[in-house]
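Structure first, commentary second.
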Amino acid sequence: MEITSTIKYIGVHDDDIDLFEGQYRVPNGISYNSYVVTDEKIAIIDTADARKKDEWWQSLLLALDGRTPDYLVILHMEPDHSSLVAEVMERFPSLKVVTSAIALRMLPQFFDGIDFSGCTIAVKEGDTLSLGGRELAFVAAPMVHWPEVMVCYDSKEHVLFSADAFGTFGGINDYESWNDEARRYYLNICGKYGQQVQALLKKAAALQIDMICPLHGPVLKHDLARYISLYDTWSSYTPECEGVFVAYASIYGGTAAAALYVAEELRAAGADVIISDLCRCDMSQALADAFRMGRMVVAASSYDAGLFPPMHDFLYHLKIKNFQNRRVAILENGSWAPTAGKVMRAMLDEMKSIDVVDPVVTIKSRMKESDKAAIKEMVSELLR
């Protein structure tokens with residue numbers, strides 16, 4: 001596929017995979033994007049996952065049209081992008097591998113027994129690679145989302161090869177679902193590293209960017225300000241909207257009924273509400289919804305003198321992805337000695353800038369009419 005007259009897309013779509021990185025559901029698959037930049041010299045930018053190596057090789061050889069590539073640029077060493085490095089080097093022995101110093105140290109970890117001496121070029125922030133009529137300028141992007149990551153910029157055609165930044169689950173043409181799938185991808189994969197993403201956005205602001213070529217999902221050619229604005233929102237931990245995410249984990253349905261009542265009261269008060277059953281939902285989607293909204297209600301049963309595991313797992317995921325700057329209300333359920341609220345409060349207190357609404361609402365086994373006044377008060381305080 002032609003991106004421009006000199007940049008060709010040679011990525012492949014993997015619709016056979018069920019879990020990306022062993023944990024994220026991808027019902028629409030995922031693309032492993034790779035590019036060939038053709039000038040007086042030719043650069044391949046990243047490879048693909050070995051799962052799809054036959055398709056990738058077919059696309060590469062078609063794009064090369066008999067020419068020999070001069071460089072293989074590795075922006076990111078994660079195996080879904082670098083698995084075919086050794087094969088490329090074997091097929092094209094005169095080729096030079098161009099990547100960061102950290103990536104060069106990683107290469108032997110993935111390719112045991114391969115001699116990389118004499119065939120690599122280490123680049124750092126500010127370095128350029130001349131292809132003849134154009135240069136690729138390298139920009140360090142550490143922890144977006146591994147430490148070795150770089151992005152590169154084609155100053156002739158104003159194209160940013162953005163590595164995992166601006167990537168999505170799904171395919172190369174999935175523009176309609178970009179917001180939702182890019183949000184789910186970013187917050188689960190890069191969410192912890194908002195500060196580092198903010199640093200990259202500041203560097204990118206100094207460049208004229210007409211196109212963004214990520215390593216997953218669609219190539220972005222239009223309305224770039226919208227995509228960049230969303231990345232700024234996500235990486236600064238700013239809510240996209242002031243709605244409420246209601247997340248519940250219920251054993252026998254009592255907590256679920258109370259959570260549904262909370263959602264009704266919130267909607268009656270004019271709030272936008274997303275509600276999720278943590279026992280059944282896609283955890284990556286629940287996390288993305290929590291980051292999307294400015295407020296959250298967590299409702300869970302007590303369990304083994306602690307917290308029902310689906311809620312514990314959800315709050316753990318929020319913590320490791322740096323969840324912050326949100327207002328949260330707590331509803332707990334317990335038949336004899338409620339403990340869920342205490343555990344949820346402790347976990348939320350470990351997160352940054354979380355405003356927990358007081359008091360915690362406690363129900364005993366099933367919500368009673370007498371519990372509704374406390375729930376209404378909690379809703380009012382949450383929306384205050």
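Values below: all heavy atoms of this structure, side chains included; hydrogens, waters and symmetry mates excluded. Note that the numbering runs from 1 along the sequence shown for the chain.
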Please say whether more than 12 non-hydrogen atoms of neighbouring residues, nucleotides or ligands are located less than 6.0 Å from [atom1] in [X].
{"X": "Lys372", "atom1": "NZ", "answer": "yes"}
{"X": "Glu176", "atom1": "CD", "answer": "no"}
{"X": "Tyr316", "atom1": "OH", "answer": "no"}
{"X": "Gln198", "atom1": "CD", "answer": "yes"}
{"X": "Glu90", "atom1": "CD", "answer": "no"}
{"X": "Glu381", "atom1": "CD", "answer": "yes"}

Taking [Y] as the starting point, is it possible to reach [X] by hopping between hydrophobic residues whose side chains are less than 4.5 Å apart?
{"X": "Leu230", "Y": "Val144", "result": "yes"}
{"X": "Leu75", "Y": "Ile10", "result": "no"}
{"X": "Val98", "Y": "Ile102", "result": "no"}
{"X": "Phe111", "Y": "Trp56", "result": "yes"}
{"X": "Val12", "Y": "Leu62", "result": "no"}

Subject >> Candidate list Val328, Leu318, Val356, test side chain to side chain contact (heavy atoms under 4.5 Å, CB included), partner Val298, passing option >> reply: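 Looking at Val328, Leu318, Val356, the match for Val298 under the side chain to side chain contact (heavy atoms under 4.5 Å, CB included) is Val328.
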Subject >> Passing option when Leu224 is tested against Asp210, Leu160, Ile209 for side chain to side chain contact (heavy atoms under 4.5 Å, CB included) >> reply: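 For Leu224, the side chain to side chain contact (heavy atoms under 4.5 Å, CB included) check succeeds only for Ile209.
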Original post:
Are Arg184 and Asp282 close enough for a salt bridge, meaning some N to O gap below 4.0 Å?
Top reply: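 Salt bridge flag = yes for Asp282 with Arg184.
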**OP:** Indicate yes or no: does Lys52 engage Asp49 in a salt bridge with an N to O separation below 4.0 Å.
**Re:**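 Salt bridge flag = no for Asp49 with Lys52.
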Name all pairs fulfilling the salt bridge (charged side-chain N to carboxylate O under 4.0 Å, His left out) condition that reach into [range], sequence neighbours left out, sorted by first residue then second.
{"range": "residues 149-163", "answer": "Arg134-Asp154, Arg134-Glu157"}
{"range": "residues 261-273", "answer": "Glu265-Lys376"}
{"range": "residues 111-125", "answer": "Lys124-Asp127, Glu125-Lys203"}
{"range": "residues 232-247", "answer": "Arg183-Glu240, Glu242-Arg295"}

[X] ring center near [Y] ring center (under 6.0 Å):
{"X": "Trp178", "Y": "Tyr175", "value": "no"}
{"X": "His216", "Y": "His76", "value": "no"}
{"X": "Tyr227", "Y": "Phe166", "value": "no"}

A side-chain contact here means heavy atoms from C-beta on lying under 4.5 Å apart; do [X] and [Y] qualify?
{"X": "Ile17", "Y": "Tyr24", "result": "no"}
{"X": "Val73", "Y": "Asp46", "result": "no"}
{"X": "Phe138", "Y": "Ser100", "result": "no"}
{"X": "Ser284", "Y": "Arg25", "result": "no"}
{"X": "Met311", "Y": "Met344", "result": "yes"}
{"X": "Met351", "Y": "Leu348", "result": "yes"}
{"X": "Asp80", "Y": "Phe20", "result": "yes"}
{"X": "Leu129", "Y": "Glu135", "result": "no"}

Separation of [Y] [atom2] from [X] [atom1] (nearest 0.5 Å):
{"X": "Asp223", "Y": "Ser229", "atom1": "CG", "atom2": "OG", "result": "10.0 Å"}
{"X": "Lys319", "Y": "Glu350", "atom1": "NZ", "atom2": "CD", "result": "3.5 Å"}
{"X": "Asp313", "Y": "Leu287", "atom1": "CG", "atom2": "CG", "result": "10.5 Å"}
{"X": "Ile3", "Y": "Lys8", "atom1": "CD1", "atom2": "NZ", "result": "10.0 Å"}

Using modelled atom types only, decide if a donor and an acceptor are shared between the side chain of [X] and the backbone of [Y] within a distance under 3.5 Å.
{"X": "Gln324", "Y": "Asn322", "value": "yes"}
{"X": "Tyr231", "Y": "Ala165", "value": "no"}
{"X": "Lys342", "Y": "Pro338", "value": "no"}
{"X": "Ser177", "Y": "Asp180", "value": "no"}
{"X": "Ser130", "Y": "Gly132", "value": "yes"}

With sequence neighbours excluded, what pairs up with [X] under the side-chain contact (heavy atoms from CB on, under 4.5 Å) test?
{"X": "Ser82", "answer": "Met77, Val85"}
{"X": "Pro69", "answer": "Ile42, Ile44, Leu64, Phe92, Leu95"}
{"X": "Tyr193", "answer": "Met143, His145, Gln196"}
{"X": "Asp358", "answer": "Arg345"}

Hydrogens and angles aside, do [X] and [Y] bring a side-chain donor and acceptor to less than 3.5 Å of each other?
{"X": "Tyr185", "Y": "Asp164", "value": "yes"}
{"X": "Thr6", "Y": "Thr38", "value": "no"}
{"X": "Asn333", "Y": "Arg366", "value": "no"}
{"X": "Asp289", "Y": "Gln285", "value": "yes"}

Original post:
Listed by chain and number, what are the ring-ring contact (aromatic ring centres under 6.0 Å, His included) partners of Phe161, not counting sequence neighbours?
Top reply: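 Expected list: Tyr35.
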**OP:** Could you work out the complete set of other residues in the hydrophobic cluster of Tyr261, with links drawn between I, L, V, M, F, W and Y side chains under 4.5 Å apart?
**Re:**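 Val244, Val246, Tyr248, Leu260, Val262, Leu266, Val273, Ile275, Val297, Leu331, Val357, Val361, Ile363, Met367, Ile375, Met378, Val379, Leu382, Leu383, all in the cluster of Tyr261.
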Subject >> Members besides Tyr303 in its Ile/Leu/Val/Met/Phe/Trp/Tyr cluster (side-chain heavy atoms under 4.5 Å) >> reply: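 Besides Tyr303, the hydrophobic cluster comprises Ile251, Tyr252, Phe308, listed by chain and residue number.
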Original post:
Which residue pairs satisfy the ring-ring contact (aromatic ring centres under 6.0 Å, His included) criterion with at least one member in residues 317-368, sequence neighbours excluded?
Top reply: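 Listed by first then second residue: Phe291-Phe323.
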**OP:** Write down the atom of Ser250, the atom of Thr255, and the distance for their closest heavy-atom approach.
**Re:**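 Scanning both residues, the minimum pair turns out to be OG-N, 3.4 Å.
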Subject >> From CA spacing to verdict: side-chain contact (heavy atoms from CB on, under 4.5 Å), Lys53, Glu87 >> reply: CA-CA 10 Å; Lys53 72 174 186 177; Glu87 291 186 20; 3.3 Å; yes
Original post:
Would Ser34 and Thr47 satisfy side chain to side chain donor-acceptor pair (under 3.5 Å), going step by step from the backbone distance to the final call?
Top reply: CA-CA 6 Å; Ser34 178; Thr47 64; over 6 Å; no
